[in-house]
Amino acid sequence: MLEITRIRTEKEAIIEGLKKRHFNAEPIINELLEKDEQWRKGKADLDSILSEMNTHAKNIGLLMKDGKKEEAEAAKTAVAELKNREAALKATVDQLDKDILQLMYQLPNVPNELVKAGKNELDNETVFEAGTTPVYDFEALPHWDLAKKYDLIDFELGVKVTGAGFPFYKGKGAKLQRALINFFLSEAEKAGYTEYIAPHVVNEASGYGTGQLPDKEGQMYHIPEDGLYMIPTAEVPLTNIYRDVILPSEDFSIKMTGYTPCFRREAGSYGKDVRGLNRLHQFDKVEIVRIEHPSNTAKALEEMMEHVKGLLEKLGLQFRILRLCGGDTGFAAAMTYDFEVYSAAQQKWLEVSSVSRFDTFQANRLKLRFKTADKKTQLAHTLNGSALALPRIMASLMENHQTADGIVIPEVLQSFTGFAKIN
RNA sequence: GGAGAAAUGGCAGAGUGGUCGAUUGCACCGGUCUUGAAAACCGGCGUACCGCGAGGUACCGGGGGUUCGAAUCCCUCUUUCUCCGCCA
C-alpha cells in the first residue's frame, strides 16, 4: 500500500509511474484525495467536539465534588447535544476512512525507474544470459516421461489421493527433491540467511500484511472454520514476523530463509503449460527474505540476484534473467527479476525464481518501521526471492542432465543425494 | 474438550468510575561529577492522526455497551497460564 502522505505530495509522479503498468491511477487518486480532504476536515471537527466533551466531563467531576448539582446537570445537557453531533460526524469520518482504505488497496506499487513500460511478458527485458543449451544425440524426453521411466514422480497417485496438481515423489525422485531443499538451505545459510521453519497456514492479518489480501484472495486455499489461509509462499509467514515491529536503530539488515511447501489454487490454465511439474497446487520452495534500510535496498537486491545466479550455475543449468516490465510486475513489487531455465527437451523457458523489491509497499501495510538517528520512525524496505522453487528445477535438472541411459546428478548435489546418477 | 485465573508502555509491576496517557523500579538516551569508568544526582524516554504552530484527538489484548466521564463496570471474541481429559 502506498503512503497517503506520498499520494498527497507526489500525485503526478505516481500517476506517471503507474502508467508503466498500463494502470490508470488518475480517477482513483482524485477520488482518494477528495475523500482525504473531507476526512481531514471531518477529523478536525470531530476532535474539537471530543475536546469540548472532555472539558465538560472534567468540569462535571469538579462540580459534583463541590456539590454544585444544578450546574452539573446543565453541563450534562450540553454534552448530550454534543454527543448527537459527535455520533453523526463519527459515522461520516469512519465511512470516509473505509472508503479511503478501499481506494488505497486498489493502487499497485509504483515501478522503479529501471522498469520499462509494458503490457505483459512480451515486453520484459532480458538482462543476463548464461549457460549453453545441451545437445542430445538421442531422443530427449520431457520430465514427465523421465519421471515415469525412472519411477521418480507419480502424478496419477496424486490425483487418486488428493487431486490434479498434487504429485507424489518417490524413491530417488523424493530423495533428489530433499537434496535440493538441503542444498538451497545450506547455500542460503552460507550467504548469511537465518533459517526458519515457519507455519504453513497464516491468519488474515498476515495475508493483508504482505498483500495477498484483499487482492489475490482466490489464489490461496482458505480454511474458513479457523479463519486461516494456506501459504502460497514462505514470504508470507517470514515477512509477517516483522509485522507491527519498530526496529530500534537504523543499523539493521535482516536476512531470513525458509523451506516450506507452497499452496496455490491457480485457476484456469490448460495444455502443455501445466503438464507435469510445470504448474502445481502444492510445490516446495526455499525462499529468501530481507528487511533493509532504504539506502541498502539496491545492494540487497543485487546480492540476492547473485545468490540465485550462483545456485543455477552450480546446478549447471542454462538460464536467463528478465527484468519484468510494468505490466508484468506483481501488484506489490516495485521491481522484479525473473530467472528462467531453458528446457531443451520441452524447448521452452521455465520460471524458477522471482526476486523482487517492495520498498515501503509491504512495510506500510505491515507497519514495519525503524528508528532513525534522530528518533523518528520510518518505514523499512522488504525484499524477497525464490532460491529456489523446486518443481521446475527438478524438471530442468532431469531434462537437461539426461543421457541415453539415465540422469546425471550435478556434483554439488551428490553429497546431499548420496548417488551420482539415476538409472 | 471441561473448570478456573489473567491480559497495562522495551521488561517488571501499581492502578477497581473523575485532572490517568497512566505511580514506581529496571533498561535506554542526554547531562553533572570523575584522569577514565562505575556509583550518585539532574533531565529525558510509547505509537498514530489532524494542525504552520500553539495545541488537539485516539490507543491500557480486539470489538461492542453502560455513563456527563471507563485502564477501572457489563457483553463478546482472541490469547496466555493453572488443573483435568484426550493425543503425536
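Both backbone and side-chain heavy atoms feed into the values below; hydrogens, waters and symmetry mates do not. A note on names: the letters A, B, ... follow the listed sequences, proteins ahead of strands, and every chain is numbered from 1.
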Considering only the P atoms, how many Å lie between B:A70 and B:G1, rounded to the nearest integer? 36 Å

Between B:G21 and B:A58, how far apart are the two C1' atoms, rounded to whole Å? 10 Å

For B:C26 versus B:C41, give the span between their P atoms, rounded off to a whole number of Å. 9 Å

For nucleotides B:C20 and B:A71, find the distance between their P atoms and express it as a whole number of Å. 12 Å

Mind checking side chain to side chain contact (heavy atoms under 4.5 Å, CB included) for A:L82 and listing every partner two or more places apart, or none if nothing turns up? A:I49, A:E52, A:M53, A:H56, A:R85

Starting at the 5' end of nucleotides 50-56 of chain B, put B wherever the base has a protein heavy atom under 4.0 Å, S where only the sugar-phosphate does, and a dash everywhere else. SS----B

Pairs flagged by side chain to side chain donor-acceptor pair (under 3.5 Å) wherever residues 407-423 of chain A is involved - sequence neighbours left out: A:D405-A:K421

Between CD of A:Q378 and C1' of B:A48 the distance, given in whole Å, is 16 Å

How close or far is atom C1' of B:G30 from atom CG of A:D374, stated in whole angstroms? 15 Å

Pairs involving residues 87-104 of chain A, ordered by first then second residue, that meet salt bridge (charged side-chain N to carboxylate O under 4.0 Å, His left out) (sequence neighbours left out): A:K35-A:D99, A:K90-A:D94

Got a sec, which pairs hit side chain to side chain donor-acceptor pair (under 3.5 Å) with one end in residues 246-263 of chain A, sequence neighbours left out? A:E250-A:H293, A:S253-A:E292, A:Y259-A:D284

Taking side chain to side chain donor-acceptor pair (under 3.5 Å) as the definition, give me every residue that meets it alongside A:Y150, ordered by chain and number, with sequence neighbours left out. none

Do A:Q212 and A:T210 meet the criterion of a side-chain donor-acceptor pair at a distance under 3.5 Å? yes

Give me the distance, rounded to whole Å, that separates B:U80 from B:G69 when you measure between the C1' atoms they each carry. 32 Å

Pair up each side-chain donor or acceptor in residues 186-204 of chain A with any protein partner under 3.5 Å, not counting sequence neighbours, and list the distances.
unit_1, atom_1, unit_2, atom_2, d
A:E187, OE1, A:K314, NZ, 2.6
A:E187, OE2, A:K190, NZ, 3.0
A:Y193, OH, A:R290, NH1, 3.3
A:N203, OD1, A:A205, N, 3.4
A:N203, OD1, A:S206, N, 3.0
A:N203, OD1, A:S206, OG, 3.1

Show me the protein contacts with nucleotides 67-69 of chain B, counting only N or O atoms at under 3.5 Å.
unit_1, atom_1, unit_2, atom_2, d
B:G69, OP1, A:K83, NZ, 3.1

Do the rings of A:H222 and A:Y229 sit parallel, tilted or perpendicular, given the 30° and 60° boundaries? parallel

Which value, in whole Å, describes the distance between the P atoms of nucleotides B:G13 and B:G61? 15 Å

Assign A:T377 to base, sugar-phosphate, or nothing according to its heavy-atom contacts below 4.0 angstrom with the strands shown. sugar-phosphate

Rounded to whole Å, please give me the gap between CG in A:D94 and C1' in B:G64. 13 Å

Where at least one partner belongs to residues 168-185 of chain A, residue pairs that pass salt bridge (charged side-chain N to carboxylate O under 4.0 Å, His left out), sequence neighbours excluded: A:D151-A:K170

Name the atoms and distances for all side-chain donor-acceptor pairs under 3.5 Å in residues 374-382 of chain A, with sequence neighbours left out.
unit_1, atom_1, unit_2, atom_2, d
A:D374, OD1, A:T372, OG1, 2.5
A:H381, ND1, A:T297, OG1, 2.6
A:T382, OG1, A:Q362, OE1, 2.7

Suppose you measure atom C1' in B:G9 against the same atom in B:G2; what distance do you get, rounded to whole Å? 36 Å

Of A:L46 and A:L62, the one whose nearest nucleotide on RNA chain B sits closer to the 5' end is A:L62

In dot-bracket form, 5' to 3', how is RNA chain B paired? Count Watson-Crick and G-U wobble pairs only if both distances fall under 3.5 Å, and write | where the partner sits on another strand. ((((((((.[[[..)..(.....]]].(((((.......))))).(((((....))))).[[[[[..)....]]]]])))))))....

CG of A:D97 versus P of B:C49: gap in Å, rounded? 12 Å

What I want to find out is whether A:E302 reaches A:K299 closely enough, with some N-O distance under 4.0 Å, to be called a salt bridge. no

Measure the distance from CD1 on A:I246 to C1' on B:A48 and round it to the nearest whole Å. 10 Å

Test item: side-chain donor near acceptor, A:N240 and A:R243, under 3.5 Å: yes

Anything under 30° is parallel, anything over 60° is perpendicular, the rest tilted; go ahead and classify A:F166 against A:Y221. tilted

Could you measure between the two P atoms, the one in B:G46 and the one in B:U23, and give it in whole Å? 11 Å

Do A:E235 and A:K285 meet the salt-bridge criterion of a basic N to acidic O distance under 4.0 Å? no

Would you tabulate the nitrogen or oxygen pairs shorter than 3.5 Å linking the protein to nucleotides 71-78 of chain B?
none

